[in-house]
Amino acid sequence: MSANEITPLLEARNIVKIFGTLRANDDVTLKCMPGEIHAFLGENGAGKSTLVKMIYGALQPTSGQFFWNGRGVVIASPSVARQLGIGMVFQHFSLFEALTVAENIALAMPGSFDLGALSARISKVSASYGLPIAPDAVVADLSVGERQRIEIIRCLLQEPKLLIMDEPTSVLTPQEADQLFAVLKRLASEGCSVLYISHRLEEVKDLCDSATILRHGKVVACVNPKKETAASLARLMVGGDVHAVKPAKAGTVGKERLLLKNLSLAADGQFAVALKNISLAVRAGEVVAIAGVAGNGQGEFFDAISGERPVETGMVEIDGVAMGRAGINARRKVGAAFVPEERLGHGAVPEFPLSQNVLLSRHAADDRLVKKGLVQKDGARETAERVIKAFDVRKGKPDPEARALSGGNLQKFVVGRELDRTPAVLVINQPTWGVDAGAAAAIRQAILDLAAQGSAVLVISQDLDEIFEVATRIAVISRGELSEARPAAAWSREAIGLMMAGAHEQKHDSRKEKRHAAGA
Amino acid sequence: MRLVLEKRPEASAAMAIASPLIALALTVVTGGIIFALRGNNPVDAIYVYFIEPWVALWSVEQIIVKAAPLVLIGAGLSVCYLANVWNIGAEGQFTMGAVLGGAIPVLFPEWQSPLTLITMLALGIIGGMAWGAIPALLRNRFNANEILTSLMLVYVAQLFLDWLVRGPWRDPMGFNFPKSITFSNWQLLPYLTSGIHLGVIFAIIAAVALALLLGRTMKGFEIRVAGQSPRAARFAGFSQKWTVLFCFLLSGGLAGLAGVSEIASVVGQLQPQISPGYGFAAIIVAFLGRLNPIGVILAGVLLALSYIGGEAAQISLGVSEKIARVFQGVLLFYILACDTLILYRIRWQQRLPSAQGA
């Protein structure tokens, strides 16, 4: 069908959005036809979220206009967007954990508050779209996939004509993603358009009818993804070939450098996850990857290994030394290094320049940085410069504040700061979360190179592509329990997906039943 | 058109210095308006308040002597506030420093040796530290909000001093006035000039030492990390509880030193009122000085001027002595408002089209 004959449901024409000196959107034009699933592709920071926020009324364009069914509109606020028939499922859910599903949805609905009638409508929509959810379930008890269903149902109850999905699969298991795709295809067949934001190319090829690709705020192409390859889409997104990561050489695995024995940790609050009897050995020369959906104990696992939360003494051994009770600096002194998930505010102090952020994790284990309690500013500056050079950290001025760097560049710095020590053991949580493809490839390569030098590397990641790229062995974490670590080649994506959904826990059966009951 | 605040990509270094100057200018203008509303000539009033105190040497000495406790306390509070530890009770720590240091001349009036003064000063520091340790321990042990506990302890300390000088420590020869005996010789700080005592030197040494602590040492780094992001401080292996205790001990000790220095010089005895609110004014000093101990020296002089200028205005213009408090309050208000400009800039923005296309 030709786009010229049918009026697009939504058209963005020559949209420009300027933040300070940054042109986040530069003359962006996008057409979304009725009943199509339209992919909106681009790297992190390409300007996808900016445009989507303007479509949803949360931001206003500097210039340019939107057309809805051919009529010029100003989408002054999200409520205007909802009146037009635009629904949006955000990447980060805004749900109250202590409330039930129905109560959460009621909060977002206009008009009077009849929980009974609403619950009935939720059950009806949930059954008809195959989105099983119990209206009276408390959100805290639900998996991320189930929480996403709440957000989708919340949108569907308002009978949208356009549904915006912001990177919906980044938090899902492969099986949950397949279920989501079935729902989106069904919606499209009923005439609801979907604007699908992602940087996962395979799923875009699978799902979408057309794709607009954004790079540095500009539209670089509008293509039919089914006729493209993942590589050609990636080239359009990145603007050049992405260097493939060179796989690690096999058969160089040595002694155990990081050993976890029955590691357990009580939950730190109502909605935190307890760790249950985790045992794992990471040997010299290998990368062990921990797969899992966010919020299954990865943060607690990292804190226990790093020493931010001490455990029993024998539970963590680094190079043969029992370190379970030791603090993070004692563990660093025996050769361990840690990269937390959150760059700003955990791995780095946003307001401090890079040279001072070097001190943050290196002050105890490096006597060139601190002498007799005095900070050696020259040493810190030299170290920062070495890291910046080795990892090609792009920055505006010589020693910028951490918050002034882009996500990818700051991540390169935070990872590089630890690798600069050539640690015996590296524990890294979500190494390339929210990082552009070029930086991600550089970080993954550095991880493999470190292991090849005889270090033991533990990677915690939600990204299966990344895991298969770097891992020698893979284990899956689910609700604080860790599966056995098996060689990467022994795993299929489906097998990991089942494990992520909790196949190795006993609780799983009862949960399944609950879902079916809700769907009935 | 409307005014919008727009976040800057990085904190503005120029604005960090300009902000207190803008605040000062706005305070002077506001002060002029207040005087004008009272019927005073605003230019004359501003001259009396801000300029005249600098004309005579004795009055300059007055400013410096009044600045000393403000700088001592303000420098310690700067370290606290940088670490996100909110010690509001310096006035109480000041008072307890004076009480403990003052115990020596009151209980051993005959003891006269250089050791007397040294013991007094040491006890003053200990008294302030002990009083500061209470809110720190309450926060570390019970997660009690230190803003409330430290503030409430101010009143406990003041009433304790009040009871002492009306009861057991009252001078038996003092015609029933609620005052202790007057101190003499080695119970008093030596004077460097006719008006300036040793406390001024303490203040300068403390400010310079704390500037070095913050700028050069690992401890200073630890304090700043704790203040900026507690999660990162944990990642760096710094103990938050120890930081809280350290900050309270440091600022409490300095406030205690200021307290004992004050009764061993200007006041010369224990009495119910030993401070015109130095502990609270020092909060303004800390912020006006950009939480930088060297900046605190300048800010301390300015706040001291507000007291001396207030006295001058009381005499020549007949305004209430409370005018000093008004100026201090207005100044703090403007500093906090102007500090917004460090992280944000003001811009005119085109009004959004109000038509809705739906």
Side-chain angles (χ1 to χ4, degrees), chain A residues 19-22 60 62 65-68 71-77 80-81 83-85 303 306-309 327-332 338 340 342 344-352 356-357 359-364 369-377 380 396-397 400-404, chain B residues 2 4-13 16 82-84 143 209 211-243 246 290-291 339 342-347 349-358:
Chain A
F19 293 112
T21 56
L22 176 76
Q60 296 302 319
T62 310
Q65 208 183 1
F66 292 106
F67 294 83
W68 182 256
R71 276 197 307 148
V73 290
V74 172
I75 308 170
S77 70
V80 173
Q83 280 165 28
L84 288 173
D303 285 356
S306 71
E308 287 188 60
R309 288 180 63 191
I328 188 166
N329 285 325
R331 299 184 195 202
R332 286 184 178 125
F338 309 96
E342 197 66 47
L344 283 174
H346 189 178
V349 181
E351 295 83 359
F352 282 9
Q356 294 196 18
N357 270 304
L359 282 172
L360 196 67
S361 68
R362 301 274 300 263
H363 65 90
L369 299 178
V370 182
K371 280 183 187 140
K372 292 188 176 128
L374 293 180
V375 172
Q376 304 300 306
K377 288 194 173 166
K397 55 181 210 178
E401 289 175 14
R403 65 174 161 200
Chain B
R2 60 173 188 172
V4 290
L5 280 177
E6 189 180 78
K7 201 161 177 33
R8 297 174 191 269
E10 282 203 41
S12 160
L82 279 173
N84 227 348
N143 210 12
L212 291 175
L213 175 91
L214 288 173
R216 296 286 164 80
T217 67
M218 208 51 216
K219 190 78 210 165
F221 181 73
E222 188 177 330
I223 284 162
R224 289 184 294 123
V225 175
Q228 293 286 2
S229 48
R231 195 84 177 81
R234 217 168 84 184
F235 180 64
F238 302 145
S239 154
Q240 197 203 350
K241 290 184 173 180
W242 168 234
T243 304
F246 175 86
R290 314 284 71 202
L291 303 185
D339 276 1
I342 298 172
L343 286 176
Y344 295 85
R345 66 175 136 238
I346 297 178
R347 270 166 48 106
Q349 196 186 53
Q350 300 278 340
R351 197 169 276 287
L352 294 172
S354 54
Q356 293 187 357

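Chain letters run A, B, ... following the sequence lines, proteins first, then strands; residues in each count from 1.
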What verdict does the side chain to side chain contact (heavy atoms under 4.5 Å, CB included) test give for B:Phe221 and A:Val370, after you've listed the backbone C-alpha separation in whole Å, the side-chain angles of each residue and the deciding distance to 0.1 Å? CA-CA 11 Å; B:Phe221 181 73; A:Val370 182; over 6 Å; no
Show the numbers, then the answer: is there a side chain to side chain contact (heavy atoms under 4.5 Å, CB included) between B:Phe235 and A:Glu342? CA-CA 11 Å; B:Phe235 180 64; A:Glu342 197 66 47; over 6 Å; no
Run the side chain to side chain contact (heavy atoms under 4.5 Å, CB included) check on B:Thr217 and A:Val375 step by step: do they pass? CA-CA 5 Å; B:Thr217 67; A:Val375 172; 5.8 Å; no
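In this structure, chain B has no heavy atom under 4.5 Å from any part of A:Lys372. No part of A:Arg331 comes within reach of chain B, as not one of its non-hydrogen atoms sits under 4.5 angstrom from that chain. Both the backbone and the side chain of A:Phe338 come within less than 4.5 Å of a heavy atom of chain B. If you measure heavy-atom distances from A:Glu308 to chain B, the contacts under 4.5 Å come from both the backbone and the side chain.
Atom CD in A:Gln376 sits 10.5 Å away from atom CZ in B:Arg216 (nearest 0.5 Å). For the atom pair A:Leu360 CG and B:Glu222 CD, the distance stands at 11.0 Å (nearest 0.5 Å). Note that CD of B:Gln228 and CD of A:Gln356 are 10.0 Å apart. Values are rounded to the nearest 0.5 Å.
The salt bridge (Lys or Arg N to Asp or Glu O under 4.0 Å) test applied to A:Asp303 returns B:Arg231, B:Arg234, not counting sequence neighbours.
Closest approach of A:Gly345 and B:Ser229 over heavy atoms only: O-CB, 3.8 Å.
Between the A:His363 side chain and the B:Ala236 main chain, a donor and an acceptor come within less than 3.5 Å of each other.
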